Structures are given as structure tokens and as C-alpha cells.
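Just so we're clear, the structure is a prediction, and the values are computed from it rather than from any experiment.
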Amino acid sequence: MVIVLMGVTGSGKTTVGEQLAQQLGWTYYDADDFHPEVNVRKMASGTPLTDEDRWPWLETLSVSIDQWLQAEQGAILGCSALKQSYRDILVSGRPGVQIVHLKGPKALIAQRLETRQHRYMPTSLLDSQFATLEEPRDALSVDIGPSPSAIAATIRTALQL
């Protein structure tokens, strides 16, 4: 099984994903690590990515998901996956992929971003992330208010893991 933890920057994908992976004995992957250097430079400059920037990256993630499923390796992928079209590429009819939306109010996420330093995702892109976000139609939505370990436990319970 592959769990895709989605949400805007600062929603807790990495923190929750690492906790969940540890609890399950699975591997956590950060989708940011799969971006080509040109995308990284663009985001670091404060410029939001376009769909054209994202398509090759999403295809790379899709291939990785296939490899994890084929290896029967439990994997958790932290990926913004803000649009339904992006999630469609990641799920693409694969019954072993579950989308989990880490969801919270913009004010809480902005507050969290003030205390964190991301390697190339400036806080200034939060507005564009919320503007781009399309609420998922086939995802487990989880409130980001509780502690990361409580969120991971909620996900495990909901997905019967």
C-alpha cells in the first residue's frame, strides 16, 4: 500500500509522514526530493510552479509509486498534490494507493510556517497554495490540529492499519 499525504505547505506532511512510517515500519518519501533542479530554483525564488513544471515531476512520482506497489513495500509519500488532476496521476486506478488530506485553517498553517525553515518553499507561497488547492473528492481528510502522533494514529485507525 502507498499512502499519499497531501496538503498545502506547512500542513505537516513530513512530520506526520515520518511518524506514520515509523509506527508502521514503512518508508517515508518526500515528493520534494523528486523535483528537478529547475523546479527547486523556481520555488526558491518565490515563483509558484505551473502545471507544465509539475507534469514531469508527477510522472516520476507515478513511476515510483508503481515500483513501491510492485515491491509490496509499504510507503508513505508526502506530496502537496493540490489539484485533482495531480492526484489522478498519482492514484491512476491503483487500488493500493490511498490519498490522505492533511487539512487545517490557513491561520494555523501560517503560524506553523513562521517557526520553520524549508529548504526552498518560502512562506510567501502559502497564499498561492491555498488558491490552487482543490478539495479532494476521494480522500480521507484529517484535521491537523492534534499532535502529529495523534494524527498518525487517526490515519492508522481510519485505514485499518
Side-chain angles (χ1 to χ4, degrees), residues 1-35 39 43 48-51 53-110 112-113 118 121 125-161:
M1 174 179 226
V2 175
I3 297 171
V4 178
L5 291 179
M6 65 151 293
V8 298
T9 186
S11 61
K13 296 180 294 290
T14 300
T15 304
V16 171
E18 288 174 347
Q19 288 236 348
L20 188 57
Q22 183 178 18
Q23 291 173 10
L24 294 170
W26 292 7
T27 304
Y28 174 76
Y29 298 94
D30 188 330
D32 289 344
D33 295 338
F34 294 77
H35 271 296
N39 285 7
M43 287 184 286
L49 297 179
T50 65
D51 284 348
D53 297 324
R54 286 187 179 95
W55 298 136
W57 169 67
L58 289 163
E59 286 302 325
T60 298
L61 293 172
S62 179
V63 168
S64 294
I65 288 170
D66 282 337
Q67 291 169 347
W68 302 328
L69 288 171
Q70 189 171 26
E72 297 182 10
Q73 172 189 346
I76 298 162
L77 176 66
C79 179
S80 55
L82 298 176
K83 290 186 178 182
Q84 187 62 46
S85 59
Y86 306 164
R87 295 185 295 273
D88 290 344
I89 291 170
L90 299 175
V91 175
S92 188
R94 298 175 182 101
V97 179
Q98 173 66 53
I99 302 285
V100 176
H101 181 200
L102 298 178
K103 186 175 180 176
K106 189 175 182 181
L108 173 61
I109 294 170
R112 288 180 177 181
L113 287 174
H118 190 277
M121 189 65 165
L125 290 181
L126 182 60
D127 286 338
S128 73
Q129 293 240 313
F130 269 99
T132 301
L133 177 63
E134 296 172 0
E135 292 289 325
R137 31 180 204 246
D138 297 322
L140 169 64
S141 286
V142 179
D143 175 43
I144 64 166
S147 70
S149 60
I151 295 168
T154 297
I155 293 168
R156 283 191 357 259
T157 300
L159 299 180
Q160 300 178 343
L161 299 170

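Using a 4.5 Å heavy-atom cutoff, the side chains of L161 and M1 are in contact. By the 4.5 Å heavy-atom criterion applied to side chains, T14 and D32 are not counted as neighbours. A 4.5 Å side-chain heavy-atom check between W57 and L49 finds every atom pair outside the cut-off. Using a 4.5 Å heavy-atom cutoff, the side chains of L20 and Y28 are not in contact. Side-chain contact check for Y29 versus L61: every heavy-atom pair is 4.5 Å or farther apart. Contact check for V142 versus V16: no side-chain heavy atoms found under the 4.5 Å cut-off.
Closest of all the heavy-atom pairs between A152 and Q19 is CB-CB, 4.3 Å. Smallest separation of non-hydrogen atoms from V4 and C79: CG1-CB, 4.2 Å. Of all the heavy atoms in F34 and W68, the pair that sits closest is CZ-CZ2, 4.1 Å. I144 and G104 make their closest contact through CG1-CA, 3.6 Å (heavy atoms, listed as atom of the first residue, atom of the second, distance). Looking at every heavy atom in both residues, Q98 comes nearest to L159 through CG-CD2, 3.6 Å. Between Q129 and T9, the shortest heavy-atom distance links the atoms OE1-N, 2.6 Å.
In this structure, the side chain of S11 engages the main chain of V8 through a donor-acceptor pair within 3.5 Å. Looking only at distances, no side-chain donor or acceptor of D66 sits under 3.5 Å from a matching main-chain atom of V63.
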>> Does V97 form a side-chain contact (heavy atoms from CB on, under 4.5 Å) with L90? I'd like the steps, not just the answer.
In response: CA-CA 8 Å; V97 179; L90 299 175; 5.5 Å; no
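Q23 is linked by a side-chain hydrogen bond (donor to acceptor under 3.5 Å, both in side chains) to R156, counting only residues two or more places apart in sequence or in another chain. Checked against side-chain hydrogen bond (donor to acceptor under 3.5 Å, both in side chains), T60 has no partners two or more places apart in sequence or in another chain. Qualifying salt bridge (charged side-chain N to carboxylate O under 4.0 Å, His left out) partners for E72, counting only residues two or more places apart in sequence or in other chains: none. Residues satisfying the side-chain hydrogen bond (donor to acceptor under 3.5 Å, both in side chains) test with S62, not counting sequence neighbours, are R94.
To the nearest 0.5 Å, atom CD1 of residue I76 and atom CD1 of residue I155 are 8.0 Å apart. A distance of 12.0 Å separates CD of E18 from OG1 of T27, quoted to the nearest 0.5 Å. How far CG of L82 is from OG of S128: 8.5 Å, rounded to the nearest 0.5 Å.
For residues 130-141, the side-chain hydrogen bond (donor to acceptor under 3.5 Å, both in side chains) pairs, not counting sequence neighbours, are K103-E135. Sorted by first then second residue, the side-chain hydrogen bond (donor to acceptor under 3.5 Å, both in side chains) pairs that include residues 78-89, not counting sequence neighbours, are D51-K83, D51-Y86, R54-Y86, Q84-R87, Q84-D88.
With respect to D30 and K13, no salt bridge is recorded, no charged nitrogen being found less than 4.0 Å from a carboxylate O.
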